[in-house]
Amino acid sequence: FFVISLARPLSLTQSTNSSVSLGFLVNDAFKRTVRFWNDPAIPRVDVNLTCERCSLAPAACRDRVAEPVIYRAQQEQTRKEKALKALLQGLDG
C-alpha cells in the first residue's frame, strides 16, 4: 500500500494527537495514475498492523507503543486448538 498519513495535536485534549491515514493499493492502475509512487525521495517504511496485532519482536521494532495483546491472544487460541485436536486424535486411535 502507498499510505499518506497526517498527524496533529488534538486541540480539545492536551497531550493527545489525532491522525488520519489514506492508503492506496499499489497496482498497475495506481502506478499509471500516481507517477511519483516509486520516487526515491519519498520515505519508505515497512509497517505491520496495529501494535496490538503485531508479531514483531521488541528488538525488531523501536516504535512499539502498545503490547501485542491481540497477537498473543490469537497465538494462545491457536495453541489451545492444536492441543485439543491432538487430544481428540489420541482418543480416536
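The analysis underlying the following values was restricted to heavy atoms, covering all of them including side chains, and did not include hydrogens, waters or symmetry mates. Small disclaimer: the values here were computed from a predicted structure and weren't measured.
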**Q** Are any non-hydrogen side-chain atoms of Trp37 and Val26 less than 4.5 angstrom apart?
**A**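 Result yes, sub-4.5 Å side-chain heavy-atom pair found.
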
**Q** Is Lys80 close to Glu76 at the side-chain level, that is, under 4.5 Å between some pair of heavy atoms?
**A** yes

**Q** Would Phe24 and Val34 show up in the same hydrophobic cluster when neighbours are defined by side-chain heavy atoms closer than 4.5 Å?
**A** yes

**Q** Below 4.5 Å, heavy atoms only, C-beta onward: do Phe2 and Phe36 meet side chain to side chain?
**A** yes

**Q** State, with a plain yes or no, whether a side-chain heavy atom of Phe1 is found less than 4.5 Å away from one of Leu25.
**A** yes

**Q** In Å, rounded to the nearest 0.5 Å, how long is the span from CG of Leu6 to CG of Leu22?
**A** 9.0 Å

**Q** Give, for atom NZ of Lys31 and atom CG of Asp28, the distance between the pair rounded to the nearest 0.5 Å.
**A** 6.0 Å

**Q** Please identify each residue that fulfils side chain to side chain contact (heavy atoms under 4.5 Å, CB included) with Asn17, with sequence neighbours left out.
**A**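 Scan of Asn17 (side chain to side chain contact (heavy atoms under 4.5 Å, CB included), adjacent residues dropped) gives Pro9.
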
**Q** Take Arg79 and Gln75 through the test side-chain contact (heavy atoms from CB on, under 4.5 Å) and record every step on the way to the result.
**A** CA-CA 6 Å; Arg79 186 193 66 76; Gln75 294 301 306; over 6 Å; no

**Q** Mind checking what makes side chain to side chain contact (heavy atoms under 4.5 Å, CB included) contact with Ser21, not counting sequence neighbours?
**A** Val3, Ser5

**Q** Please check this pair: side chain of Arg64 against backbone of Cys51, looking for a donor-acceptor N/O pair closer than 3.5 Å.
**A** yes

**Q** Is it the case that one hydrophobic cluster holds both Leu56 and Val65, taking links as side-chain heavy atoms less than 4.5 Å apart, direct or via other members?
**A**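 As far as the 4.5 Å side-chain criterion goes, Val65 and Leu56 are not connected within one cluster.
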
**Q** Can you tell me how far CG of Asn27 sits from CZ of Arg32, rounded to the nearest 0.5 angstrom?
**A**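 One finds 8.0 Å between CZ of Arg32 and CG of Asn27.
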
**Q** How long is the gap from SG on Cys54 to CZ on Arg72, to the nearest 0.5 Å?
**A**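 Between atom SG of Cys54 and atom CZ of Arg72 there are 11.0 Å.
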
**Q** Say whether Ile4 and Phe30 are linked into one hydrophobic cluster, either directly or through other cluster members, by side-chain heavy-atom distances under 4.5 angstrom.
**A** yes

**Q** Considering non-hydrogen atoms only, spot the tightest contact between Glu52 and Ala66 and give its length.
**A** OE2-CB, 3.4 Å

